Each structure stands twice: as C-alpha cells, then as structure tokens.
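Please read these numbers as outputs of a predicted model, since none were measured by experiment.
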Amino acid sequence: MTQIELQADHMKLEDTRVTRRYFGKFSKITGYLTKVAATMEAEGRFGRKDIDAMARYLVGLNWTFTALSHKYHFSGRFAHSGKLTFDRRESGFPVYQELLEMANDAQQAERHLASMPSVGDLKDQMVRVILSEQEIPTKLQFALSQRLYYEELRRGDQFWARNDPQAVWLGNDADRRKFLVHWAVYDSQVNLPTIYLMDLEDTGRTGLPKDERRWPEAQAHLMAQSVAHLKLLTIAKGFDEDFADLHPTRLRRFHIGPMYSYAFTQQSGPLRDVLKAANSPVGEDWALVWTEEELVSERVEQVKSGWFGSVERQIFALDPFEGGGAETGATRMERSLIMPERPYQALAERNPPGFRQVRKFVVSDGGRVLSYK
C-alpha cells in the first residue's frame, strides 16, 4: 500500500464534539471487553491464569483510551491541542503512530508534571477567570486536560505499542517446568491490539524467567515474530527450532477489532449495512470483531541434532476443514462479534450470509453480556 493510500485510509478528528463521541464510544467498548472475557472464562474457554493475563491487556487498553481522551479533549477548540488520527477504513482504532507518541510522552511525564500547576491550582485559576473576566477559561481548561493526560501516563500500565513477554509458572511435571508466556503488540500493519498466549514446557537447567541467557533471547524472538501476517504455525515452529529446551505446546492469538461504526468508519460489507439499518443512538452505533486463533501440538518427534544427540520437535495439529490448515496455519480459528442490543437485532433480522456461525456477544449498559450463536 502506498503512502497516499495510507493517508486516504487515515483520518484526523477535527471537531471537539466528534472527538469526544469517538472516545466515549471506545470507553464503552473497552469496558465491555473484560466482561466478555469473563463470560468466556465461565464457559470454560479460559483458565484463571489465562484470564489474568488477558485482563491485564484489556484493562490496559481502556487506560490507553482514557489517556488519549485527555490528550485530545480540546481538539478543534484550541490551536495547540492536536488532532487524533485513526484508521477509518480497516480497524477503526487510532493509528500506530499515536501509541508511539504516547509512549514517548510517558517517558517525559514526570518532567512535564513538575512544570505544570496542580489540578487544584488550575481549577482555582479557572474560577477567578470566570468570575472576574466573565469568559470561558479555554487555555486553562486545555492546560488541565494535559495535566490529566500526563498524570494518567505516570500511573502506567497502559497498552503500549510493545508489551514485552512475561512468564507465569504453571507447575512442574517431572523434569519439565510449565509456563504461560504472554505478550501483546499494537500491530502497525493493521492498527489493532493483538494479544498472544503461549503454553510451553521448559527442560532447561534454570527456569526460563531466571535464565539470564535464554529469557532475553526468547523475548526478543517472540517480539520480532509478532506481526499480523505471520501464521501461528510459522511463529511456533520458528520458536521450537530456535530453542532446543523450550517446547511450545499451545499458541493463541487474539485480534481485538476491527471496530465498525456507521458514523465513524468506512469499511464495506454487510456489517456496515446492518449498522445503517439499526439507526442506533449515540454510543451504541458500533460492532467489534474479536478473533481467536489457536495452534495446538498433537505429538512430539525426536529429531537428530549434531553427531550423537537428538531434540524434541512439536508436530502441530492443523484445521482439517481448511485445506489441511495450510490457509490458516492454525488448529482452529473463531470469530466473534461484540455489539449492543440494537445492532444485534438488526443483524438477526437481516441474517446476512457468513454471520450465522459467528458467535455474538450482546452487551447492555446494565452490564449484562448475552451470548448467541
């Protein structure tokens, strides 16, 4: 894709009300994600360690949008407030560059906060301007929004462009330590948050997270392979071959998005038509795709290594209904839709082909999550 095409796909939010509506929409969406994950846990699709890892990233995503909403709270009303750029054609999410800038701002948050008046001082100055000059203190309001932005970044734990691997010990089985390794990226190619969970067995002398040689190498390897166009089979086999004493037995990848909204995005297809037909009120005009890919090892083979040695190699099960799994590179893949009640009703009425086997999670302001197939 050329730079001109990329620019056409990206859009700056110029108007204050539109910007706040955009962040209000994502505030609801990210708030629902943990509830959907909890529903999956109740169904037995996630273990406790899985859900703990997932929740970390889903909550972090909420905090990322909270920070960005402060940063751009006065877009269109103040000359230096900046404008959010988002991908309106593919993902509906902010572009990758926004998260890079946020990470850079986080590194300098303390310095900025040290030079800013406190929240209390800014509010006192606003009151004085309103009472004495009888005008809206726009500059002070903007300064307060930036103060809140840097305070949010100082708290940390946002979903960043790179969220490096962490290892959670699951237990021992004879001479094998079992770990859940999890990490996440904001994929620059598709502008979407992507979460990875890998179950692995460790037969090394030192437990992986404490191994000063293998752990940095494993982290770097996994981050380098975390791109949307690589199949899970490619990632898992490459890891299995590069580390003789680390054995990936299961790899999962979760794509959070795209987000569809008739008011904001320009994706084509039946889902856009469904959102148009729903004619939903502000805040409910959206649908979010949640895609889970899973690759599972079905057996182990011993492969010759060197003159006299041998190493384990995982043989992964591929989806038998997708050309032997060559297309997906996974054991299974499942797409779900998360949407409010009104878009779901429009989807059920139109019942477009291709959506009948898609799992639907219907959310409401009351906190309910209903699951339909």
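- Judged by distance alone, the side chain of Tyr262 and the main-chain N or O of Ala277 form no donor-acceptor pair under 3.5 Å.
- A 6.0 Å sphere centred on CD of Glu133 holds more than 12 heavy atoms belonging to other residues, nucleotides or ligands.
- Checking Asp285 against Ser261 by side-chain atom types alone, a donor-acceptor pair falls below 3.5 Å.
- Judged by the 6.0 Å distance and 45° axis criteria, Arg20 is positioned over the aromatic ring of Phe74.
- For Phe254 and Phe46, the gap between ring centers is short of 6.0 Å.
- The two residues Gly92 and Thr265 make their nearest non-hydrogen contact at CA-CG2, 3.8 Å.
- Between Phe93 and Phe86, the ring center distance fails the sub-6.0 Å criterion.
- A donor-acceptor contact shorter than 3.5 Å is absent between the side chain of Arg252 and the backbone of Ile195.
- Hydrophobic clustering of Ile, Leu, Val, Met, Phe, Trp and Tyr side chains at less than 4.5 Å, counting indirect connections, unites Leu100 with Tyr149.
- The shortest heavy-atom contact between Gly207 and Arg214 is C-NH2, 4.0 Å.
- Within a 6.0 Å sphere centred on NZ of Lys360, other residues, nucleotides and ligands contribute more than 12 heavy atoms.
- Between His182 and Tyr57, the ring center distance clears the sub-6.0 Å criterion.
- The distance from the CG atom of Leu148 to the CG atom of Leu113 is 10.0 Å, given to the nearest 0.5 Å.
- Between Lys12 and Thr85, the side chains place a donor N or O and an acceptor N or O closer than 3.5 Å (distance only, hydrogens not considered).
- Within 6.0 Å of atom CZ in Arg368, 12 or fewer heavy atoms from other residues, nucleotides or ligands are found, so the atom counts as exposed in its surroundings.
- The backbone N or O of Phe23 lies less than 3.5 Å from no partner atom in the side chain of Ser27, so there is not a single donor-acceptor pair.
- Atom CZ of Arg21 is surrounded by 12 or fewer heavy atoms from other residues, nucleotides or ligands within 6.0 Å.
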For Asp124 and Arg128: C-alpha separation, side-chain torsions, deciding distance, then whether salt bridge (charged side-chain N to carboxylate O under 4.0 Å, His left out) applies. CA-CA 6 Å; Asp124 288 342; Arg128 288 197 293 271; 5.2 Å; no
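- The neighbour count for Arg154 CZ, taken as heavy atoms of other residues, nucleotides or ligands under 6.0 Å away, is above 12.
- At a cut-off of 3.5 Å, with distance as the only test, no side-chain donor of Gln146 or His70 sits close to an acceptor on the other residue.
- For the 3.5 Å distance criterion, the side chains of Thr206 and Asp211 fail to qualify, holding no donor opposite an acceptor.
- Cluster annotation: Val190 is connected to Trp160 through the hydrophobic network of ILVMFWY side chains, with a link wherever side-chain heavy atoms come within less than 4.5 Å.
- With sequence neighbours excluded, the residues that form a salt bridge (charged side-chain N to carboxylate O under 4.0 Å, His left out) with Glu301 are Arg299.
- Under the 3.5 Å distance criterion, the side-chain polar atoms of Asp242 are left unmatched by any main-chain donor or acceptor of Phe239.
- Around NZ of Lys28, the count of heavy atoms belonging to other residues, nucleotides or ligands within 6.0 Å exceeds 12.
- Side chain of Asp187 to backbone of Gln189: a donor-acceptor contact under 3.5 angstrom is found.
- Under a 3.5 Å cut-off, the side chain of Arg253 and the backbone N or O of Glu292 do not form any donor-acceptor pair.
- Pro165 is listed as a side-chain neighbour of Met223, based on a closest heavy-atom distance under 4.5 Å.
- Remark: aromatic rings of Tyr372 and Tyr344 are close, center separation under 6.0 Å.
- Within a 6.0 Å radius of CD1 in Ile136, other residues, nucleotides and ligands contribute 12 heavy atoms or fewer.
- Val363 places a side-chain heavy atom less than 4.5 Å from the side chain of Ile338.
- Aromatic ring centroids of Phe243 and His221 lie under 6.0 Å apart.
- Taking 4.5 Å as the limit, some side-chain heavy atom of Trp290 sits within range of a side-chain heavy atom of Leu33.
- Here the closest heavy-atom approach between residue Ala37 and residue Ile51 is recorded as O-CD1, 3.2 Å.
- Of all the heavy atoms in Pro117 and Asp121, the pair that sits closest is CB-CB, 4.1 Å.
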Expected list for residues 345-357: side-chain donor-acceptor pairs under 3.5 angstrom, two or more places apart:
| residue | atom | partner | partner atom | Å |
| --- | --- | --- | --- | --- |
| Arg356 | NH2 | Asn351 | O | 3.4 |

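- In this structure, Ile235 is a member of the same hydrophobic cluster as Val181, with clusters built from ILVMFWY side-chain heavy atoms closer than 4.5 Å.
- Between Phe159 and Met102, the shortest heavy-atom distance links the atoms O-CE, 3.9 Å.
- Between Ala109 and Leu153 the shortest heavy-atom distance is CB-CB, 4.4 Å.
- Separation of atoms CG (Leu68) and CD (Glu152) is listed at 10.0 Å; rounding is to 0.5 Å.
- Judged purely by distance below 3.5 Å, without hydrogens or angles, the side chains of Thr64 and Gln158 never pair a donor atom with an acceptor atom.
- Residues Ile315 and Leu232 are members of separate hydrophobic clusters, defined by side-chain heavy-atom contacts under 4.5 angstrom among Ile, Leu, Val, Met, Phe, Trp and Tyr.
- Residue Glu43 places its CD atom among more than 12 non-hydrogen atoms of other residues, nucleotides or ligands, all under 6.0 Å distant.
- Side chain of Arg342 to main chain of Ala278: a donor-acceptor pair is present (N/O by atom type, distance under 3.5 Å, no hydrogens or angles).
- Under the 3.5 Å distance criterion, the side-chain polar atoms of Asp202 are matched with a main-chain donor or acceptor of Leu208.
- Between Glu41 and Met54 there is no side-chain heavy-atom pair separated by less than 4.5 Å.
- Rounded to the nearest 0.5 angstrom, Asn279 CG and Glu284 CD are separated by 11.5 Å.
- Side-chain atoms of Glu98 and Tyr72 include a donor-acceptor pair closer than 3.5 Å.
- In this structure a side-chain-to-backbone donor-acceptor pair under 3.5 Å is present from Thr249 to Asp199.
- Judged by distance alone, the side chain of Ser226 and the main-chain N or O of Leu222 form a donor-acceptor pair under 3.5 Å.
- Distance check, rounded to the nearest 0.5 Å: OG of Ser91 to CD1 of Ile256 gives 12.5 Å.
- For Arg250, the side chain to side chain donor-acceptor pair (under 3.5 Å) test picks out Glu294, with sequence neighbours left out.
- Between Phe264 and Tyr22, the angle of the ring planes goes over 60°, which puts this pair in the perpendicular group of the 30/60° scheme.
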